[in-house]
Amino acid sequence: MLNQDIAKILFEIGDYLELQDVPFKPKAYQQAAIVIDNLEESINKIYEEKGLKGLEDIPSVGNSIAEKIEEYIKTGNIAYYDELKKQSPIDFESLTKVEGLGIRKIKRLYDELGIRDIKSLEEAIKSHKIAPMFRFGEKTEKNIEEAIEFLKQSKGRFLLREILPVINKIENRLKGIKGVVKVLVTGSTRRRKETIGDVDFLIGVSNDVDRYTIETIMNTFVSMEEVVKVVSKGDTRSSIKTVQGLDMDLRVVRLSSFGAASQYFTGSKEHNIILRKIAIKKGFKLNEYGLFKNDARIRGEDEEGIYEKLGLEWVDPELRENQGEIELSQDKNLPELIKKEDIKGDFHCHSGWDGGELTLEEMAEAAISMGYEYLGISDHTKVLKIENGLDEGDLLKQGKEIDRVNKRFKDSNIQFRLLKGSEVDILKDGSLDITDEVLKTLDYVSISIHSGFKTTKEEMTDRILKAMDNPYVKILNHPTGKILGKRDSFEVDLEKIFIKAKERNIALEINSYRADLSSQYVRAVKDLGIMMTIGSDSHARNEFDDIDYGVFQARRGCAEKKNIINSMDLVGLKNYWKLKII
Ligand code: DGT
Ligand code: CA
Ligand code: CA
Ligand code: ZN
C-alpha cells in the first residue's frame with residue numbers, strides 16, 4: 001500500500017467536494033494529499049508505529065482525514081470516497097488529464113451535456129455541442145479536441161519526472177536483496193528521456209551464483225508491493241506490471257557480463273547498432289554477454305572496457321541516441337556535460353507573493369539547502385490574475401523586502417543573495433506587463449508567453465521578437481510553450497528567436513517542469529553560442545529539486561557548464577550581468 005494511492009484518493013475527494021460546491025473542505029483534502037504524496041516515510045509504517053495519532057501528526061492531516069486513512073489501511077477502501085463517487089459518476093481521472101479542463105468546466109459539461117468521460121466528451125465535440133455553451137465557444141471546443149488527440153498520442157508512455165521517484169525506490173529495494181552485487185536502471189530511464197515506455201532493471205550477481213539466490217531475487221521482484229501482475233518469471237528475466245500501469249523488466253546477469261549487459265540494455269537501439277558495426281569491422285562480436293574475439297570473451301565486466309576496446313571514449317548515457325555522439329567519441333572529443341553539482345542558483349521560482357507557498361526567507365533557506373549561492377525570485381505579473389500576479393507597486397515592495405533579506409546575509413557573512421527578478425508576461429501586442437521604470441529596478445527580467453497560443457506563426461514570432469527588444473530582458477522562459485505531457489509547442493519561428501537572442505544576448509530557458517527546450521533545441525542553441533538557464537519553475541519547497549529534470553534535458557542536448565548561466569557562482573554572475581547587489 002502506497003502513500004501515492006492515498007494521496008490520489010484524497011485529492012479526488014477534494015475534487016468531488018468542489019463539484020458539490022462544499023466550502024473549505026476541498027482545499028483541506030487536497031492540501032493533505034499533496035503533503036502525503038511528498039512524505040518520505042511510508043504511511044503504513046507511521047500507522048504501524050504510532051497508530052491514528054501518528055497520522056494526525058502529519059502536517060495538514062486532521063482527525064477526520066486521519067480516520068479515512070486508517071480506514072483505507074485497514075480495509076483497502078474509504079466508504080466516504082465510494083459514496084461521493086457513486087453520487088457523481090464522472091470519470092475525473094481521465095477528464096482532468098485533458099489540458100484546459102478544470103473542475104468548473106467538467107462540472108458544467110456534466111450538468112449541461114451529461115458528459116462523464118472521454119468517450120462522451122468526444123461525441124459531444126463531434127456533434128459540436130460544446131461550442132454553443134456559454135463561455136466555451138469554437139476555440140475552446142477545438143482546443144479540447146486537440147488536447148484529447150494529444151492525450152491519445154502520449155498514451156502508454158510515462159513522464160520521467162512523475163515516475164522516477166518510484167523507480168528509484170524500487171532500485172534501492174533491489175540493492176538490499178541478498179546476493180545482489182550491482183543494480184542499474186538501464187533503457188530510456190538511464191538515458192533520461194523525457195518519457196519512458198518501460199523500465200529495464202539490471203542486476204549483477206557473482207559469477208558463481210547459485211540457483212537459489214537467483215530464485216530469491218526473482219521472487220522478491222515479482223512480489224513487491226507495487227506489482228499488480230506478473231507477466232513472466234524466469235531465471236534470467238522477469239517482467240511485471242505495477243499499480244501505475246508501468247511495465248518493468250528485470251534481468252539478472254553474472255558480473256563477468258554486467259558491463260556488456262548494461263551497455264546493451266541502456267541502448268538506444270540506434271546507438272547499439274552502430275556500435276555493433278564498429279565491433280564487426282574490428283573483427284569482434286558484441287552482444288549483451290560481452291565483446292568477443294573468435295569465441296573468447298575479451299571484455300564484459302564494465303562498459304568502459306568495451307568502449308575502449310572499440311577505440312571509443314565512454315559515452316554518457318544521455319547522449320546515446322546516435323545523434324553524433326559516436327563520431328565525437330571516436331575523436332575523443334565528447335563534451336563534458338553539465339552536472340547537477342554545477343548548478344549554483346535558480347532564476348525561475350515563485351514565492352508566496354504569487355501562487356507559491358513560501359515566504360522570501362523560506363525560499364532563501366530552501367535554496368541554501370540546495371547548495372545555491374543565489375536565487376532569483378520570478379513571480380508572475382499582474383495580467384495573470386489567477387496566479388495573483390504582481391503589479392508595479394508589488395514588485396517595488398518585494399524589492400525592498402529582498403534588500404532586507406540580503407542585508408541579513410551580508411551582515412552574517414553568508415555567501416548567498418536573493419535576486420530581484422520577475423516572470424513578466426508578454427502581452428498580445430508584444431509589450432511587457434510591467435513598465436520600464438520598474439523593470440529597471442530589477443536584477444534581471446525574464447519574459448514568458450502564458451496566453452494567446454492560438455495565433456499565426458508570424459504573429460507569435462513578431463510578438464516575442466518585440467518583447468525581446470525590451471532593453472531589460474535577460475531570459476526568455478520556456479520559449480516554445482510546450483508542457484510535457486500536457487501541451488504541444490505553439491507555432492513560432494524559432495530560428496528568428498535564436499538570432500534575436502544571440503544579437504541581444506538573451507538567455508533561453510530550459511524549463512525543468514515543462515521539458516521545454518527539447519534536447520534538439522538545446523543542441524542548436526549551444527552551437528549558435530547562445531547562453532541558457534535551467535529553471536525549476538518551483539512553487540513549493542519540494543519542487544526546487546525538479547532542477548534535476550532540466551539538467552537531464554540540458555545533458556541530452558550536450559550542454560556544458562559554460563553554456564549555462566546559473567552554473568556561474570555569485571561573483572561570476574555579478575560580473576556577467578553587471579549586478580549591483582550588496
Ligand atoms: P522505451 O522503453 O520505449 O522508453 O525505450 P528503451 O530504449 O528503454 O527500449 P526497450 O525497453 O525496448 O529496450 C531497452 C534497450 O534494449 C534498448 O534501449 C536497446 C536494447 N534493445 C532492445 N531491443 C533491441 C534490438 O532489437 N537491437 C538492439 N541492438 N538493441 C535492442
Ligand atoms: Ca525501456
Ligand atoms: Ca524493456
Ligand atoms: Zn513560472
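Counting convention: from 1, in listed order, for ligands and their atoms alike.
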A.B. asks: So which N/O/S atom does D537 have closest to the Zn ion (ligand 4)?
C.D. replies: OD1
A.B. asks: Hey, is the main chain of K420 close enough, under 3.5 Å, to the side chain of D443 for a donor-acceptor pair?
C.D. replies: yes
A.B. asks: Within this structure, what is the CG-CG distance for the pair L286 and L310, rounded to the nearest 0.5 Å?
C.D. replies: 6.5 Å
A.B. asks: Among the N/O/S atoms of E423, select the one at the shortest distance from the Zn ion (ligand 4) and name it.
C.D. replies: OE1
A.B. asks: Rounded to the nearest 0.5 Å, what separates atom NZ in K233 from atom CG in D235?
C.D. replies: 9.5 Å
A.B. asks: Could you tell me whether the Zn ion (ligand 4) has an N, O or S atom of H478 under 2.8 Å away?
C.D. replies: no
A.B. asks: Ion pair present between R299 and E304, side-chain N to carboxylate O less than 4.0 angstrom?
C.D. replies: no
A.B. asks: Taking the six-membered ring for Trp, are the ring centroids of Y289 and Y264 within less than 6.0 Å of each other?
C.D. replies: no
A.B. asks: For the metal site, I want the angle between atom OD1 of D198 and atom OD1 of D200 with the Ca ion (ligand 3) at the apex, to 10°.
C.D. replies: 100°
A.B. asks: Would H348 count as a contact for the Zn ion (ligand 4), in the sense that one of its N, O or S atoms lies under 2.8 Å from it?
C.D. replies: yes
